[in-house]
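As structure tokens, the structure follows; a few thoughts come after it.
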Amino acid sequence: MKIEEMLVSKGLSRNIAAMTVDALANDSEHSDFKLILRDLSKQGSYVAIKDDDFPVLETAATIVVGLLGSTVAAWAPGAVTSLIILLFKFRRKGIPLSGNQAAIAVELNRHPQLTVKQLVNGLQLPLAEEDVYAELVALTSIARNDGVKVELVSVDPQGRWTLDGV
């Protein structure tokens with residue numbers, strides 16, 4: 001199955017699926033992804049990934065669609081693509097982020113050093129400050145699939161959070 005078709009089958013638009021494939025093709029961190037073909041109109045790409053990575057990407061897409069639900073169409077395509085790619089990157093490293101945690105990580109990646117209140121205001125999700133704070137605390141020491149704990153976020157004395165694990 002083609003990556004783009006799989007993403008569409010999960011409930012994403014063709015535009016978001018194409019943007020995700022392009023993002024994978026242009027990702028210098030994953031040099032093992034092979035750009036197979038970019039069409040002349042630059043509207044899409046075909047990318048080959050390892051068989052082991054396909055279910056990871058599929059899981060990332062499923063989590064994002066589950067997180068956004070019926071509001072996925074209201075989100076900017078670039079934001080949805082960023083969420084899928086970030087979730088894919090962390091899961092590929094064995095870090096099983098939830099959808100909420102991935103959304104928080106994307107927001108902190110876009111705008112470092114946010115307070116919990118600023119994060120709540122920036123997220124397009126129905127999360128209370130207590131929920132965001134609980135997710136942030138969980139990200140200060142999260143176990144990879146191999147059991148090793150990693151710190152993905154840190155907080156300064158003024159209560160501003162930063163994403164460390166990208």
Side-chain angles (χ1 to χ4, degrees), residues 3 7 10-12 15-33 47 49-50 52-69 71-72 74-166:
I3 296 170
L7 294 170
K10 295 297 174 189
L12 298 170
N15 184 37
I16 291 172
M19 288 176 67
T20 302
V21 171
D22 281 344
L24 288 171
N26 295 317
D27 188 354
S28 61
E29 181 180 330
H30 296 104
S31 59
D32 54 342
F33 293 160
V47 177
I49 64 174
K50 294 178 184 177
D52 292 349
D53 286 337
F54 193 84
V56 177
L57 183 59
E58 190 172 24
T59 299
T62 301
I63 290 170
V64 169
V65 170
L67 173 70
L68 304 180
T71 67
V72 72
W75 280 58
V80 177
T81 297
S82 295
L83 194 53
I84 293 168
I85 296 297
L86 184 122
L87 195 53
F88 172 73
K89 285 179 181 181
F90 277 109
R91 286 191 164 258
R92 193 171 190 234
K93 293 176 183 177
I95 303 170
L97 293 184
S98 70
N100 288 339
Q101 290 169 335
I104 289 167
V106 166
E107 191 65 15
L108 285 175
N109 195 35
R110 288 180 50 221
H111 304 288
Q113 297 194 340
L114 294 177
T115 65
V116 171
K117 185 173 186 157
Q118 290 169 323
L119 265 169
V120 169
N121 292 335
L123 291 170
Q124 297 177 14
L125 298 171
L127 293 174
E129 285 186 29
E130 308 82 52
D131 300 325
V132 171
Y133 180 77
E135 296 287 12
L136 287 165
V137 169
L139 291 171
T140 61
S141 180
I142 189 166
R144 293 188 321 213
N145 292 339
D146 62 5
V148 174
K149 298 236 180 199
V150 293
E151 179 182 15
L152 299 182
V153 297
S154 58
V155 62
D156 69 16
Q158 289 78 33
R160 294 180 303 230
W161 293 83
T162 303
L163 182 65
D164 300 325
V166 177

Could you tell me the separation between the CZ atom of Phe88 and the OG1 atom of Thr20, rounded to the nearest 0.5 Å?
11.0 Å
Where at least one partner belongs to residues 97-122, residue pairs that pass salt bridge (charged side-chain N to carboxylate O under 4.0 Å, His left out), sequence neighbours excluded:
Glu107-Arg110
Measure the CD-CG distance between Glu129 and Leu136 for me, rounded to the nearest 0.5 Å.
11.0 Å
Thr115: side-chain hydrogen bond (donor to acceptor under 3.5 Å, both in side chains) partners, not counting sequence neighbours:
Gln118
Please determine whether side-chain contact (heavy atoms from CB on, under 4.5 Å) holds for the pair Thr162 and Leu108, giving the CA-CA distance in whole Å, both sets of side-chain angles, and the decisive distance to 0.1 Å.
CA-CA 6 Å; Thr162 303; Leu108 285 175; over 6 Å; no
Nearest heavy-atom contact between Ser154 and Glu151 is CB-OE2, 3.6 Å
Can you name the closest pair of heavy atoms from Met19 and Pro77 and give their distance?
SD-CB, 3.5 Å
How many angstroms lie between CD1 in Ile84 and OG1 in Thr62, if you round to the nearest 0.5 Å?
9.5 Å
Rounded to the nearest 0.5 angstrom, the OG-CG distance for Ser82 and Leu87 is 12.0 Å
Stepwise side-chain contact (heavy atoms from CB on, under 4.5 Å) check, His111 with Leu119
CA-CA 9 Å; His111 304 288; Leu119 265 169; over 6 Å; no
Checking Ala17 now: which residues fulfil side-chain contact (heavy atoms from CB on, under 4.5 Å) with it, not counting sequence neighbours?
Glu4, Leu7, Val8
For Ala79, what residues pass the side-chain contact (heavy atoms from CB on, under 4.5 Å) criterion, not counting sequence neighbours?
Trp75, Ala76
Shortest non-hydrogen separation from Tyr133 to Val116 and the atoms involved
CD1-CG2, 4.0 Å
Using side-chain hydrogen bond (donor to acceptor under 3.5 Å, both in side chains) as the criterion, list what pairs up with Glu130, not counting sequence neighbours.
none
So how far is it from Leu57 CG to Lys10 NZ, rounded to the nearest 0.5 Å?
10.5 Å
Residue pairs passing the side-chain hydrogen bond (donor to acceptor under 3.5 Å, both in side chains) test where at least one lies in residues 137-147, sequence neighbours excluded:
Arg144-Asp146
Considering all heavy atoms, the nearest Val153-Asp164 contact
C-OD2, 3.5 Å
side-chain contact (heavy atoms from CB on, under 4.5 Å) assessment of Leu114 paired with Trp161:
CA-CA 5 Å; Leu114 294 177; Trp161 293 83; 5.8 Å; no
Got a sec, which residues hit side-chain hydrogen bond (donor to acceptor under 3.5 Å, both in side chains) with Thr59, two or more places apart in sequence or on another chain?
none
Partner set under side-chain hydrogen bond (donor to acceptor under 3.5 Å, both in side chains) for Gln113, not counting sequence neighbours:
none
Hey, mind stepping through Leu127 and Val120 against side-chain contact (heavy atoms from CB on, under 4.5 Å) and telling me if it holds?
CA-CA 7 Å; Leu127 293 174; Val120 169; 5.7 Å; no
Are the side chains of Val132 and Leu125 in contact, using a 4.5 Å heavy-atom criterion?
no
Shortest non-hydrogen separation from Leu97 to Leu139 and the atoms involved:
CD2-CD2, 3.5 Å
If you take all heavy atoms of Ala105 and Leu86, which pair is closest and at what distance?
CB-CD2, 3.5 Å
